[in-house]
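Heads up, the thing below is written out as structure tokens.
Chain A is the first sequence line, chain B the second, and so forth, proteins listed ahead of strands; every chain is numbered from 1.
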Amino acid sequence: MNDVLGSLKRSNYCGKISEEDIGKEVVLMGWVAKRRDLGGVIFVDLRDREGIIQIVMNPTISEEAHEKAKELRSEYVIAARGMVVKRPAGTENPELKTGNIEVNVTELRILNVSKPPPFPIEEKVDISENIRLKYRYLDLRRPNILKNFILRHKLAKAVRDYFNDHGFLEVETPFLTKSTPEGARDYIVPSRIHLGKFYALPQSPQLFKQILMISGFDRYFQIVKCFRDEDLRADRQPEFTQIDVEMSFIDVDTIQEVTEGMIAHIFREVMNIELALPFKKLTYNEAIDRYGLDRPDTRFDLFLVDITDIMKNSKFKVFQDVVSRGGIIKALNLPGGGRFSRKEIEDLNEIISIYEAKGLSWMKYTEKGWTSPISKFFSNSQLDSIKEKMKVNEGDLILIVADNPEIVNNALGNLRLHLARITGIVEEERYNFVWITDFPLFEYDKEEKRYVSVHHPFTSPKEEDIPFIESEPLKVRAKAYDLVKKQKQSLDFS
RNA sequence: GGGGGCGUAGUUAAGCUGGUUAUAACGCCGGCCUGUCACGCCGGAGGCCGCGAGUUCGAGUCUCGUCGCUCCCGCCA
């Protein structure tokens, strides 16, 4: 039988009690995180939103409270009245923020009992996502989950403060709306009133940009959900939140300035990190050329090098064929990669084959010169050119992929990331914001046999490229920019 | 749409080339314990080995199917 709350009023949060409260009577409400029954005395770690404090049920202080505490189990919800005291010398717990104090309980009420939780309510749990979501209300009790919510709250506040200070209006746009052409698959909602018809949920709220812009809302933003009915990935959810920022009558520099300012403000306010402004810039072509991907991880120096010109006249038939079909040959120089065993190198084939590259060629440069199954196909001058162009030193490993440009860049770009992971050369804690500029406006869709927008259909072309729209659409660059952080696209604008 | 991996106690895992009663840790239950905080000590319970077929004298283990989860490619303006 549960006790009732009665007239008890909470006086403090568990985690907020400090040594200043010593000598005060407090009333706490919380969850039993841990019970330690030593027979004569019972300790309970009591948890609420703000943290944990140890409460003590000692029969010499209250026979009744001690008796009742024998019933306590994990996740029971209790109310406890007691005196805040300094812990006896030698029993402090430095692991706990409240580790120098405890509460001697004079009155204990069990507000609700609990079955044993299916997993421990602790910071670190090694439990499948499945189980955690099944018992979401328990998972949400974990302190580090709460921490994420607090972080998110601070972030949203920082965003609102920033834009408010810069003359932006916060708006809301509808969720039940029309399908838009191109882009992701829509989530649809059947209509009861219009039988047989459906609403689409917005893939992104930029959908409403034009109507607000032409109505004179020249600076607005929203923190808003986007819905895309596409297959999931580890870092991809079916619905996610975006900060939508829209401005009229501005130029690229202004957008970048405002955006960088926002990000710097968030990092300062939320994480107390000062970012160096302005962020670095790379064109789309440079990114593909040097990193293979349009979202390069620039935290480590390992670059793709085009060696098509050097290799195209070699006696290696595989390379000849690739080049004659319009393909390219690119390579990575992994410094010190010479220590990789033959098998370790061969295993890298698995990585590139994921991206449909057919084979990985390799050459080691050792004290005895080149070691490689394919170096015999190349002349000395070709090998010297490689050595010079790729800045090869003794002990280095050259990894080569030859195929059509899309496959080569994608495969080597991802191999580059893989090598960085397995050799540990990435500075994980470093933030490396980089703008990717000059995206192409269109790409050719082989399945649909037509040109489609790389970004979205409302993206402007660069003014100087407008003459090529009809003649050479693939050459037209867009006024579209991505901001990349830690190898993830974190922002785009157009 | 395609490919890989995993489903064993409440949880996390082990279980070899098929062979006694399916292990361990934590958790749970009972007992003891007045300074613990990963409390300790003693004892105990707990399993449709995801599901269904098949091979076999015998299946957690092999085969096929099926369901669920997970990761990747494609896809995600």
Summary of side-chain hydrogen bond (donor to acceptor under 3.5 Å, both in side chains) pairs that have at least one residue in residues 465-474 of chain A, sequence neighbours excluded = A:Asp465-A:Arg477
query = Between B:G65 and B:G27, how far is it from one P atom to the other, in whole Å?
reply = 42 Å
key: B:C37 pairs with, by Watson-Crick or G-U criteria that keep both distances under 3.5 Å   = none
query = Is there a Watson-Crick or G-U wobble partner for B:U17 with both distances under 3.5 Å, and which nucleotide is it?
reply = none
Test applied, side-chain contact (heavy atoms from CB on, under 4.5 Å); reference residue, A:Thr106; option that passes from A:Met57, A:Arg81, A:Glu64 = A:Arg81
Sugar-phosphate only, base, or nothing, as touched by A:Gly183 at under 4.0 Å among non-hydrogen atoms = sugar-phosphate
ask   = Hey, does A:Thr60 reach any base, or is it just sugar-phosphate, or nothing, if we go heavy atoms under 4.0 Å?
value = base
Contacts of [X] that satisfy salt bridge (charged side-chain N to carboxylate O under 4.0 Å, His left out) - sequence neighbours left out:
{"X": "A:Arg36", "answer": "A:Asp45"}
{"X": "A:Glu123", "answer": "A:Lys147"}
{"X": "A:Glu463", "answer": "A:Lys479"}

ask   = Looking at RNA chain B, which of residues 222-238 of chain A put a heavy atom within less than 4.0 Å of it?
value = A:Arg228, A:Glu230, A:Asp231, A:Arg233, A:Ala234, A:Arg236
If the condition is side chain to side chain donor-acceptor pair (under 3.5 Å), which residues does [X] pass it with, not counting sequence neighbours?
{"X": "A:Arg290", "answer": "none"}
{"X": "A:Gln489", "answer": "A:Asp492"}
{"X": "A:Lys134", "answer": "none"}

message = Within the 4.0 Å limit for protein heavy atoms, which parts of nucleotides 35-46 of chain B are touched? Write it as a string from 5' to 3', B for base, S for sugar-phosphate only, - for none.
response = BBB-B-------
Write down the distance between [atom1] ([X]) and [atom2] ([N]), rounded to a whole number of angstrom.
{"X": "A:Leu415", "N": "B:C72", "atom1": "CG", "atom2": "C1'", "answer": "16 Å"}
{"X": "A:Ile121", "N": "B:U11", "atom1": "CD1", "atom2": "P", "answer": "14 Å"}
{"X": "A:Asp126", "N": "B:U11", "atom1": "CG", "atom2": "P", "answer": "13 Å"}

inquiry  = Show every ring pair (Phe, Tyr, Trp, His ring centres under 6.0 Å) that has at least one partner inside residues 225-246 of chain A, sequence neighbours left out.
reply    = A:Phe175-A:Phe227
What nitrogen or oxygen pairs link the protein and nucleotides 8-10 of chain B at under 3.5 Å?
residue : atom : partner  : partner atom : Å
B:G10   : O2'  : A:Pro118 : O            : 3.2

request  = Hey, could you give me the CZ/CE distance between A:Phe168 and A:Met262, rounded to the nearest 0.5 Å?
outcome  = 10.0 Å
key: Residue-phosphate contact under 4.0 Å: A:Asn130 side-chain N/O, B:G7 OP1/OP2   = no
request  = Only counting residues at least two apart or in another chain, list the ones meeting side chain to side chain contact (heavy atoms under 4.5 Å, CB included) with A:Thr437.
outcome  = A:Gln256, A:Lys281, A:Thr283, A:Trp435, A:Tyr481
inquiry  = Judged by each residue's nearest nucleotide on RNA chain B, which is more toward the 5′ side, A:Pro120 or A:Pro116?
reply    = A:Pro120
